[in-house]
Structures are given as structure tokens and as C-alpha cells.
Participant: 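For reference, the structure I am asking about is given below.
First listed ligand is number 1; within each ligand, the first listed atom is number 1.
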Amino acid sequence: MTKRETIVAVATAPGRSGIAVIRLSGADLTAYTQRLVGRPLPARRAVLSDIYDAHGEIIDQGIVVFFPGPNSYTGEDVLELQGHGGAMVMQLLVKRCLELGARLAEPGEFTKRAYLNDKLDLAQAESVADLIDATTAHAARAALRSLQGAFSERVTELSVALKELRTLVEASLDFPDEEIDLLQQADARSRLIGLRDRLAAVLLASRRGSLLREGLHVVLAGQPNVGKSSLLNRLAGEDLAIVTPIPGTTRDAIHLSLDINGMPVHVIDTAGLRDTQDLVEQHGVARTWASIERADAVLVVMDSAYGETAADSKIMNRLPFRLSCIRIMNKIDLSGVAPIIDRAGNRVTVWLSALTGAGVDLLREVLMDMAGWKGGAEEGLYMARHRHLEALEQARLHFELALPLVAQLELFAEELRLAQEALASITGRHTTEELLGEIFSRFCIGK
Ligand code: GDP
């Protein structure tokens, strides 16, 4: 990655649009500017200009902006060409840049360069992708907070405090005669307990933040006409329901994503689950079963006038045992039952009416409880990924292992060192090329 070729990509989504943007990044774009617009450009100013091909013919007219490094997104020279948003115009512009020596950017490569040039730390770079992929307003805000460094700051604070403790411990190792004194003075044990508790608080907030990213995956099942679509529409309410497939996820059997009090809920529809000879359909059925395997809960909708039928029991018996099951007794406006959550036995049953909306709030409550989303969405959450949670867990484990070892200074020091390494992996001080590849390959091209 030290070899910095010039990269180019269309930064806007494909298709027809008013404007589309091409981005170039490289160590020195002076020659590109000269060839593309025929003159040097001022720094960070929008300039209306013609953009030329190799024969001096005009490809497009648009706004061009030049960001000389290091004051740019990537930290290198960046040139943005804002042209007309047609596929052919964009293709010609990209082709021209390739002729001039640039190569097509890989997914996330602009952000990767920003990371490698210390414009962002790794957790911030990841939140760029999370912001783009956010499906609820809360998720978008949490990702933005991470991008602005809220999560990294808390991790860095912990890391700095840990470093102080380690410095003391290492000093005691170097001067064994004063060992006991120094450490007693420093009160290493209670410091470590303080650190452990702070880490636990960060971990808790991060778990909730990761829920905003992942959301709750629920399977929707039930016989025809019991009111599944009506219930979905009711749950979606006024909110913008995003129709899937969600870009970038492999859970393509998902039917709909809802926003329930700020928590993303992804609904996997079982409508297509039937025995079939059709190969394409079989493929779809297999995918739906695969997403059911990874789901958190199943909602089995029934008509409250009939209760659980043999067909319902059959569906429920086919579902993975570990899935939490919520039975929905719908149409209580007809059967005259009051809306209620019934937690008798091991089953949760919610009595409601998709038509009138009575009891639908009870279902929202059950779903939020299930996700550990008590008290609804909070301000101050930041986006965290599975990778971050694992690293925090790892650090906590080493704190726990260190606690009984205060008297065995070398072992104590080693556990603290491992905890520090785990924390550092979050913001990216100790990352491998492999991990970077894995993180950035999931970005969109041009970001
Ligand atoms: P699906 O086949 O399970 O998706 O069922 P639909 O949502 O299409 O509903 C089937 C019929 O039941 C429609 O005519 C709905 O208007 C009606 N329905 C759905 N929920 C209720 C309800 O809570 N009360 C009453 N009275 N009718 C309902």
C-alpha cells in the first residue's frame, strides 16, 4: 500500500441522475488536471469547466473541485469532477482518466487511503460504511457519532489509562527492590478494578450500538388470511419501510425492514416456503430457510377466533428450536378479546388487532425487550461492530485474568499488555493487511 497509484471511481450511484461525481485520488494530480480541464485549478474552489478527451474534444461541462493533499479526504491530491449524471458521460470520463494512467479504485479504497494517511482511525473508517448502510435515523446518527470519533475517544481514554498503569508496572519490574512500595503506592489493584468497570460500561453501550447496526431479525409465519400483511403495514406505520434486499447483506430472503422506536427490525417472510419442483423457487426456499437459521425470533400470526391450528403447529415444529417464538392472536376486534401480553408457560402470546391497531404497541414492547432495547432508543449511542465487541470482550478477559496476579508481577504485566493490544486493534494501531482487506472490501466503490 505504500505504492500510491492514482485511483478513479464514480462516487455516485449508477443510473440516470441530474449530477454524478467522479473522484480521483493520487500523490500528484497536477498532470491530470492539466489534461482534463486544460489549466491548473485553485485549491478547494468550485470551478465551472469543460472536461476534455484525448483529442481536445469536450466530453462534458461541469463543476470541478481540486483538493490538494494533505487537506483532502484521502490525504492525497483529490480531484472531483461533477458531470451530468448519465451512464455514457460517466463512462467516457472514467475512460479518459484510465488513459491518463489512473486505475479503477477498489471498494472502500478512498477511505482506506484516508485511514493509512491518518485522516481517520479504523473505527471511524468503518463507521463511514455503516452510515451509508444505515436503515433507521437512529442508526445513521449513531454511525455519524462514531465517525466523529465518539467511540474511538472512549476506547482511547481507556487505552491511555491502561498505559499509565502499565508504565508503573514496568517500572516496578525494572527496579525490583522498590517493587512492593511502588505498586502499593500506585494501588495497582484498585486502578485495575476501575479500568475494568469503565470497560464494562463501554462494552454495554457498544452492544446496544451494534444492535442499531445489525437489528433484530424476525421470521413472519402463519396461514393465509390471518393478517400477516396487515400486521406488517401496521408495524411499518408512518415510518419509511425500506424494501430489501438490503445492499451489502447476504440475507436476501428478507422482505422488509421496519423501524421500531429506532431499532431496525428485519422481517423475513415465509410466504414462499412451500414444497416445489421449480428449481429457481427451490433456491429461494433454501435461502429463506438459511435466513431463518440466523434469525432471532419468529412471529406466528393466527386468527384469535380459531387459536393455534394443526397447520400452525406444523410450521412451528419445523422452525429451529432455539428461535424465540411469539404467537400473535390477531383480529381481536372480531373475537372481542382485550389486547394483552400473555407469558404463560414458555410462550409469549400477544393478543392484538392489526386492523384497529389495538395491542400493536404490546408487540413492539415484546420485540424491544427481546433485543435488550429497554427504554427505547437513547441519545449518545455510537455504532459498534461485532469486531469491536470481540476486542472489548478480549480486553475484559485479560483484565479479569490480571486481577489475581498482582503479586506475580511479570504475569500481571503480560495480561495488561494483551488487554492493550486488544484495545489497540479497535482503532487500528495493530492491524494486519488481511483485516484491512476484509473491512474495506465491504465498502461501496468510490467511497
Ligand atoms: P395475510 O394473508 O396473512 O397476509 O392476511 P392479510 O393481511 O391480507 O389479511 C387478510 C384479511 O383479514 C384482510 O381482509 C384483512 O383486512 C383482514 N384482517 C387483517 N387483520 C385484521 C384484524 O385485526 N381484524 C379484522 N377484522 N380483519 C383483519
Side-chain angles (χ1 to χ4, degrees), residues 135 215-246 251-261 264-276 278 281-282 284-285 287-292 295-320 323-344 347-370:
T135 55
L216 190 69
H217 288 79
V218 301
V219 180
L220 188 69
Q223 300 308 302
N225 279 323
V226 289
K228 297 182 294 297
S229 323
S230 311
L231 182 63
L232 266 188
N233 287 334
R234 180 55 77 172
L235 282 171
E238 301 286 302
D239 290 326
L240 179 71
I242 298 175
V243 179
T244 50
I246 301 171
R251 309 195 193 210
D252 44 3
I254 290 167
H255 179 68
L256 194 70
S257 290
L258 306 169
D259 174 347
I260 297 189
N261 298 7
V265 176
H266 308 297
V267 182
I268 303 158
D269 199 353
T270 55
L273 279 188
R274 55 197 181 105
D275 297 328
T276 170
D278 183 295
E281 213 174 314
Q282 277 176 359
V285 169
R287 274 207 312 253
T288 303
W289 276 114
S291 13
I292 290 175
D296 303 297
V298 54
L299 302 180
V300 187
V301 185
M302 306 168 193
D303 187 325
S304 57
Y306 303 102
E308 186 176 320
T309 64
D312 294 326
S313 312
K314 195 172 157 205
I315 296 184
M316 286 158 71
N317 288 336
R318 274 191 77 183
L319 294 170
L323 266 188
S324 312
C325 182
I326 304 174
R327 298 194 310 170
I328 310 286
M329 292 297 172
N330 189 28
K331 308 196 186 183
I332 56 171
D333 55 302
L334 295 180
S335 55
V337 185
I340 193 172
I341 305 177
D342 176 4
R343 295 184 195 269
R347 286 260 165 86
V348 180
T349 308
V350 183
W351 296 74
L352 55 77
S353 165
L355 187 72
T356 66
V360 174
D361 268 349
L362 299 178
L363 175 59
R364 290 200 179 94
E365 203 178 289
V366 167
L367 288 172
M368 288 195 309
D369 270 4
M370 186 168 274

Participant: Can you spot which of D259, V267, L258 makes a side-chain contact (heavy atoms from CB on, under 4.5 Å) with L235?
Facilitator: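 Passing option: L258.
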Participant: Taking atom 24 (N) of ligand 1 as the point of reference, which of V226, L220, D333 owns the nearest heavy atom?
Facilitator: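 Nearest heavy atom to atom 24 (N) of ligand 1 lies in D333.
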Participant: Are any side-chain N or O atoms of N330 and backbone N or O atoms of V226, one a donor and one an acceptor, separated by less than 3.5 Å?
Facilitator: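 Yes: the side chain of N330 pairs with the backbone of V226.
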Participant: Is T356 close to ligand 1, meaning an N/O of one under 3.5 Å from an N/O of the other?
Facilitator: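 Min N/O separation from ligand 1 is not below 3.5 Å for T356.
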Participant: Atom 4 (O) of ligand 1: protein heavy atom closer than 4.0 Å?
Facilitator: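 Yes, there is one.
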Participant: Would you confirm whether D296, through its side chain, and H217, through its main-chain N or O, come within 3.5 Å as a donor-acceptor pair?
Facilitator: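 Yes: the side chain of D296 pairs with the backbone of H217.
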Participant: If the test is side-chain contact (heavy atoms from CB on, under 4.5 Å), which one of L362, D361, V337, L231 qualifies with L352?
Facilitator: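 Filter result, single survivor: L231.
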Participant: When you measure from atom 13 (C) of ligand 1 to every protein heavy atom, which one gives the shortest distance, and what is it?
Facilitator: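 For atom 13 (C) of ligand 1, the nearest protein heavy atom comes out as S230 OG, 4.7 Å.
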Participant: Identify, by atom number and element, the atoms of ligand 1 in contact range of L334, meaning under 4.0 Å from any of its heavy atoms.
Facilitator: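 Going through ligand 1 atom by atom, the ones under 4.0 Å from L334 are 26 (N).
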Participant: Return the closest protein heavy atom for atom 8 (O) of ligand 1 as residue, atom name and distance.
Facilitator: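 Checked against all protein heavy atoms, atom 8 (O) of ligand 1 sits closest to S229 OG, 4.0 Å.
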Participant: Would you say atom 21 (C) of ligand 1 touches the protein, meaning some protein heavy atom is under 4.0 Å from it?
Facilitator: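 Yes, there is one.
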Participant: Between G359 and P339, what is the shortest heavy-atom contact and its length?
Facilitator: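 Taking G359 first and P339 second, the nearest heavy atoms are CA-CB, 3.6 Å.
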Participant: For the side chain of N317 and the backbone of K314, is there at least one donor-acceptor N/O pair under 3.5 Å apart?
Facilitator: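 No, because the side chain of N317 does not come within donor-acceptor range (under 3.5 Å) of the backbone of K314.
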Participant: Are side-chain N/O atoms of S230 and N233 paired as donor and acceptor at under 3.5 Å?
Facilitator: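 No, no side-chain donor-acceptor contact under 3.5 Å.
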Participant: Please determine if L352 has a nitrogen or oxygen closer than 3.5 Å to a nitrogen or oxygen of ligand 1.
Facilitator: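 So ligand 1 has no N or O lying under 3.5 Å from an N or O of L352.
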Participant: Can you tell me if K228 uses its side chain to pair, donor with acceptor, with the backbone of G222 under 3.5 Å?
Facilitator: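 Present.
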Participant: Could you tell me, atom by atom, which parts of ligand 1 come under 4.0 Å of a heavy atom of N225?
Facilitator: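 Once the distances to N225 are compared, the set is 1 (P), 2 (O), 3 (O), 5 (O), 10 (C), 12 (O).
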Participant: Can you find an N or O of P224 that's nearer than 3.5 Å to an N or O of ligand 1?
Facilitator: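 For ligand 1, there is no N or O atom that lies under 3.5 Å from one belonging to P224.
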Participant: What's the shortest distance from atom 28 (C) of ligand 1 to any protein heavy atom, and which residue and atom give it?
Facilitator: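 Closest protein heavy atom to atom 28 (C) of ligand 1: K331 CE, 3.7 Å.
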